[in-house]
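Scroll down for the structure; my scribbles are underneath it.
A note on names: the letters A, B, ... follow the listed sequences, proteins ahead of strands, and every chain is numbered from 1.
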Number of protein chains: 2
Amino acid sequence: MEFLETRITDIESQLHQAGLKLTPQRRATVSTLLHNCEKHLSAEELFTLVRKKETDIGLATVYRTLEILFELGIVNKINFEDGMSRYDLRLSDQGHFHHHLLCKVCGKVQEVHEDLLLDVEEEVKNKFGFEVTDHRLIFHGICADCLAKKK
Amino acid sequence: MEFLETRITDIESQLHQAGLKLTPQRRATVSTLLHNCEKHLSAEELFTLVRKKETDIGLATVYRTLEILFELGIVNKINFEDGMSRYDLRLSDQGHFHHHLLCKVCGKVQEVHEDLLLDVEEEVKNKFGFEVTDHRLIFHGICADCLAKKK
DNA sequence: AGGATTCTGAGATTAATTTTAAATAAAGAG
DNA sequence: CTCTTTATTTAAAATTAATCTCAGAATCCT
Ligand SMILES: [Zn+2]
Ligand SMILES: [Zn+2]
Ligand SMILES: [Zn+2]
Ligand SMILES: [Zn+2]
């Protein structure tokens, strides 16, 4: 769990550069997010988790913290069309957003970290003159587990 | 404007197959959507447009109609992370969702109708055993117009 | 006509998110 | 170490998109 602290210190300096502080509440929020980075938590879900460690925090603060982290490009805000935004840490070395596989049978969300879109972005640039800086890609379908069960 | 009527008749029979009716309110909603198919209207925006033609319609009906059309696969529901769902007609011959280019300078949304992801889906199938049935792809970046102005 | 079914508008309701206002904590200057 | 400023917090209120309720209207079937 060494690198988690490193990551938090990292985020702290990003906040400082923007004239913001890493308060205990924000630290708890970021830490909880780091410990659950593959879960795509909603603000409320994150809130209940954070509360277990840092009881002195309100839901609005979690929302505000997430908004700040989003503005700074530290977290991603994803919408799986289930009625609320979900949050996801952007890996520091990744320029691009990772992709998601959303199983319509069991609801599981799987991550794809390979950037599969470089060719496609090249094509978009050539055909439309559009300069891509980021992307959102969600595949809907049936995951390996559910396919296996089906048979 | 010939083909629009054809399309509406088309949709009417799809509704009938599902035991539903194309009421005047639904007709007005569909028609307005057809006339603004490239605009990615929200439910409220669509409602105010529909109201100009068919004054006897409520917001709930527009929401209900959009939900039905979505269930039948006639419209797409897209989330551009601006706080509400936007709706989009699915072209009858397209199995897959089309893609969008979202300019972060002027906010314009451009459509890409080529399916650029066939190879990528193949890779997802091979690597993860995930069977893709549909996808959502949004490119964020700067459109050709805004790039030109910048210089 | 009469009865079942589907639809509708208006307003009430829900749930996610944002804002407000007053209190608190931290940072900087002298 | 005070005074001052600025950033942050909480809890409650407000906002907003979306859904639900329900009594009345339209449509369909016989
Ligand atoms: Zn599954
Ligand atoms: Zn993710
Ligand atoms: Zn579109
Ligand atoms: Zn632009």
Counting the atoms with a prime plus P, OP1 and OP2 as sugar-phosphate, which does [X] contact under 4.0 Å by heavy atoms, base, sugar-phosphate, or nothing?
X     : result
A:E67 : nothing
B:L59 : nothing
A:S42 : nothing
B:R64 : base

What is the distance, to the nearest angstrom, from the [atom1] atom on [X] to the [atom2] atom on [N]?
X     : N      : atom1 : atom2 : result
B:R51 : C:dT8  : CZ    : P     : 14 Å
B:M84 : D:dT19 : CE    : C1'   : 17 Å
B:I68 : C:dC7  : CD1   : C1'   : 9 Å
B:H16 : C:dT5  : NE2   : C1'   : 14 Å
A:D56 : C:dA25 : CG    : C1'   : 12 Å
B:D82 : C:dA16 : CG    : P     : 19 Å
B:N79 : C:dT17 : CG    : C1'   : 14 Å
B:L22 : C:dT8  : CG    : C1'   : 15 Å

Lys/Arg-Asp/Glu bridge criterion (N-O < 4.0 Å) met for [X], [Y]:
X      : Y      : value
B:R86  : B:E45  : yes
B:E67  : B:R26  : no
B:R64  : B:E71  : no
B:D134 : A:K104 : no

Options [options], nucleotide nearest the side-chain atoms of [X]:
X     : options                : answer
A:A60 : D:dT27, D:dA11, C:dA10 : D:dA11
A:K21 : C:dA26, D:dT19, C:dT8  : C:dA26
B:Y63 : C:dT8, C:dA16, D:dA18  : D:dA18

### Message
Measuring to OP1 and OP2 of D:dA7, would you say a side-chain N or O of A:R26 lies under 4.0 angstrom away?
### Response
no
### Query
Would one find a side-chain N or O of B:T23 under 4.0 angstrom from OP1 or OP2 of C:dT6?
no
### Query
Checking ring pair (Phe, Tyr, Trp, His ring centres under 6.0 Å) against A:H99, which of A:H140, A:H113, A:H135 comes through?
A:H135
### Query
Which residue lies toward the 5' end of DNA chain D, B:Y87 or B:P24, if each is placed at its nearest nucleotide?
B:Y87
### Message
Using heavy-atom distances to pick each residue's nearest nucleotide on DNA chain D, tell me which of A:L20 and B:R86 is more 5'.
### Response
A:L20
